[in-house]
Each structure stands twice: as structure tokens, then as C-alpha cells.
Amino acid sequence: MNPNYIALIVQVIAALGVVASVFYLSLQIKQQNNITRAEFGHHLTERLYNRYFQTVKDKEYCEFLARDWAAEEDRTASDHYRIAHFLLMCLVDIRDVYEKVNDGIVDEGHLSWRITALKRGTMKTDIAKRLWVGYRGTVEGPFATWFESEIYDGKFIAPNVDDELARRLNAIRD
């Protein structure tokens, strides 16, 4: 047998092995991506379920969420901070989901459910708008534009800052 012929057969077999390895690797990567998407989707759903469970389990927390957050005159400093931190948690969560949807990691349903819940009224209160003014400066332009188009129909109007309230809440000092 000709040594060149044997070398050619070995090279063809090696090339087929490389093609098979690349094909197998691509299948593994696709499977891992699907697993990652599923795990992250499950994690996002679990976050919501934990909030729902907290609401059901804790009567004080449920009453806090059910209050009229627009009634600033009835709000204590402690209430203000609780509301602000709850809203900030929602904003961080929705931004995280927005990024994951854009990266193709999770289904858009995770995002639409969250934005629907916020646009029903939570983000229309002055406290939420003031918080959004501060948070907007920390996020990328596309997210801010998308968020304002979803929540405020693209016409966000920042509320007046109540300097006396801000001083009382240790938010500003002279």
C-alpha cells in the first residue's frame, strides 16, 4: 500500500473526527444554554413567589402594600423608607429581567408581567417618580427610555422635590 494513500486516509479520518467533535460540542453548548435559561427563568419566578408568600404570610407587610402610597401627609419617615426600598427592589428586579430578555436568556413573559404590575399605579405616585428620577441616572439609556415608554407613555414628568421632606428623611443637608 502506498504511504501517501495511508496518510490521506488518516487525514480524512482526523478531519471527520474534528467535524464530529465540533458538532458534539455545539450540541452540548445548546443544551447548556437551554439549562441556563430554564434555571434563570425558575429563579425569576421564585423571586415573585417569595414576594407573594411574604404578602400572604405577613399581615403587616400586606397592609403596608395595600396602603395609599400617594397620601404623603399620612406617611411616617419609616413608611417613606419602606416604600422607597420596596420600589427600588422592584426597579432593580425589572432592570435585571429587562437585561436578561435582551440577552435572550429568559422569555419576555417574565418582563411583561412585572411591567404590567408596576404600570397599574405603583409607579404613578410622587414617591415612585422621585425615586425614578434618582434611579434613572444610574441605568443605561435604552432601559430608561423603554421603562418610561411603558410606565409613563414616554412622557415622564418629574415631580417637584419637597426640600423639607428630604431634610426630614436625611436625604439632603445644607
Side-chain angles (χ1 to χ4, degrees), residues 33 36-174:
N33 285 343
T36 301
R37 282 188 195 98
E39 285 176 348
F40 198 82
H42 175 74
H43 176 68
L44 291 176
T45 301
E46 188 177 31
R47 278 199 283 197
L48 281 181
Y49 287 162
N50 285 338
R51 287 184 214 147
Y52 297 156
F53 183 67
Q54 181 71 22
T55 303
V56 171
K57 182 177 90 171
D58 187 340
K59 183 177 180 177
E60 180 189 1
Y61 181 71
C62 186
E63 288 174 359
F64 162 72
L65 291 176
R67 287 188 56 198
D68 179 7
W69 292 1
E72 294 196 21
E73 62 277 354
D74 296 338
R75 191 181 311 141
T76 65
S78 172
D79 290 338
H80 185 88
Y81 274 102
R82 290 175 74 192
I83 291 168
H85 281 86
F86 176 83
L87 291 170
L88 188 58
M89 174 198 63
C90 291
L91 289 173
V92 168
D93 179 60
I94 204 160
R95 179 177 172 220
D96 183 34
V97 176
Y98 173 86
E99 290 173 353
K100 299 308 182 236
V101 167
N102 284 340
D103 291 342
I105 295 174
V106 295
D107 183 68
E108 196 168 338
H110 290 282
L111 185 59
S112 62
W113 172 247
R114 285 165 167 80
I115 200 70
T116 298
L118 288 181
K119 75 167 75 173
R120 291 186 184 228
T122 302
M123 291 304 297
K124 309 278 188 192
T125 62
D126 280 349
I127 188 171
K129 289 178 182 178
R130 285 192 300 269
L131 186 70
W132 172 245
V133 168
Y135 189 70
R136 177 174 52 175
T138 68
V139 298
E140 303 79 22
F143 172 75
T145 302
W146 171 83
F147 186 83
E148 289 178 0
S149 71
E150 289 290 324
I151 298 292
Y152 305 111
D153 297 323
K155 302 175 201 112
F156 176 71
I157 300 170
N160 293 331
V161 175
D162 182 349
D163 286 341
E164 179 55 36
L165 175 64
R167 279 185 187 80
R168 191 167 47 94
L169 295 172
N170 294 320
I172 62 171
R173 291 282 175 226
D174 294 330

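Owing to the predicted nature of the structure, the values given are computational and were not obtained by experimental measurement.
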Exercise for review: Working to the nearest 0.5 Å, report the span between CH2 of Trp146 and CD1 of Ile115.
Suggested key: 4.0 Å

Point to revise | Results of side chain to side chain contact (heavy atoms under 4.5 Å, CB included) for Glu63 - residues two or more places apart only | key: Lys59

Practice item. State which residues pass side chain to side chain donor-acceptor pair (under 3.5 Å) with Glu39; sequence neighbours excluded, sorted by chain then number. Key: none

Check your understanding: For Thr36, which residues count as a side chain to side chain contact (heavy atoms under 4.5 Å, CB included) partner, sequence neighbours excluded?
Key -> Gln32

Exercise for review: To the nearest 0.5 angstrom, please state how far the NZ atom of Lys57 sits from the CG atom of Asn50.
Suggested key: 9.0 Å

Revision key, fill the gap. In this structure, OH of Tyr135 is separated from CZ of Phe143 (nearest 0.5 Å) by 6.0 Å

Review point. Looking at Phe156 and Lys129, what are the two nearest heavy atoms and their distance?
Key: CZ-O, 3.7 Å

Study note, to complete from the structure: Residue set satisfying salt bridge (charged side-chain N to carboxylate O under 4.0 Å, His left out) with Asp58, at least two apart, ordered chain then number -> none

Review point. Excluding sequence neighbours, so at least two apart, what forms side chain to side chain donor-acceptor pair (under 3.5 Å) with Trp69?
Key: none

Exercise for review: Would you give the length of the straight line joining atom CG of Leu87 to atom CH2 of Trp132, rounded to the nearest 0.5 angstrom?
Suggested key: 12.0 Å

Practice item. Kindly write out the residues that satisfy salt bridge (charged side-chain N to carboxylate O under 4.0 Å, His left out) with Arg95, not counting sequence neighbours, or none if the list is empty. Key: Glu99, Glu140

Revision key, fill the gap. Arg82 meets the side chain to side chain donor-acceptor pair (under 3.5 Å) criterion, sequence neighbours left out, with none

Point to revise | Trace of the side-chain contact (heavy atoms from CB on, under 4.5 Å) decision for Arg67 with Asp79 | key: CA-CA 10 Å; Arg67 287 188 56 198; Asp79 290 338; 2.5 Å; yes

Revision key, fill the gap. Looking only at heavy atoms, the pair that brings Phe147 and Ile94 closest together is CE1-CG2, 4.1 Å

**Study point:** Stepwise side-chain contact (heavy atoms from CB on, under 4.5 Å) check, Val97 with Arg47
**Key:** CA-CA 11 Å; Val97 176; Arg47 278 199 283 197; 4.2 Å; yes

Check your understanding: Can you tell me how far the OH atom of Tyr81 sits from the CD1 atom of Ile83, to the nearest 0.5 Å?
Key -> 13.0 Å

Review point. For Asp68, what residues pass the side chain to side chain contact (heavy atoms under 4.5 Å, CB included) criterion, not counting sequence neighbours?
Key: Ala70, Ala71

Point to revise | Any residue meeting salt bridge (charged side-chain N to carboxylate O under 4.0 Å, His left out) with Lys100, in chain and number order, not counting sequence neighbours | key: Asp96

Point to revise | Flag side-chain contact, heavy atom, 4.5 Å: Leu65 against Arg51 | key: no

**Study point:** Of all pairs that satisfy side chain to side chain donor-acceptor pair (under 3.5 Å), the ones with a partner from residues 105-117, not counting sequence neighbours
**Key:** Tyr52-Trp113, Asp93-Arg114

Exercise for review: Please tell me if the side chains of Val139 and Tyr98 come closer than 4.5 Å, counting only heavy atoms from C-beta onward.
Suggested key: no

Just list the side-chain donor-acceptor pairs under 3.5 Å for residues 120-127, sequence neighbours left out, or say none.
residue	atom	partner	partner atom	Å
Lys124	NZ	Ile151	O	2.6
Thr125	OG1	Thr122	O	3.1
Thr125	OG1	Ala128	N	3.3

Exercise for review: Could I get the full list of side chain to side chain contact (heavy atoms under 4.5 Å, CB included) partners for Lys155, not counting sequence neighbours?
Suggested key: Asp153

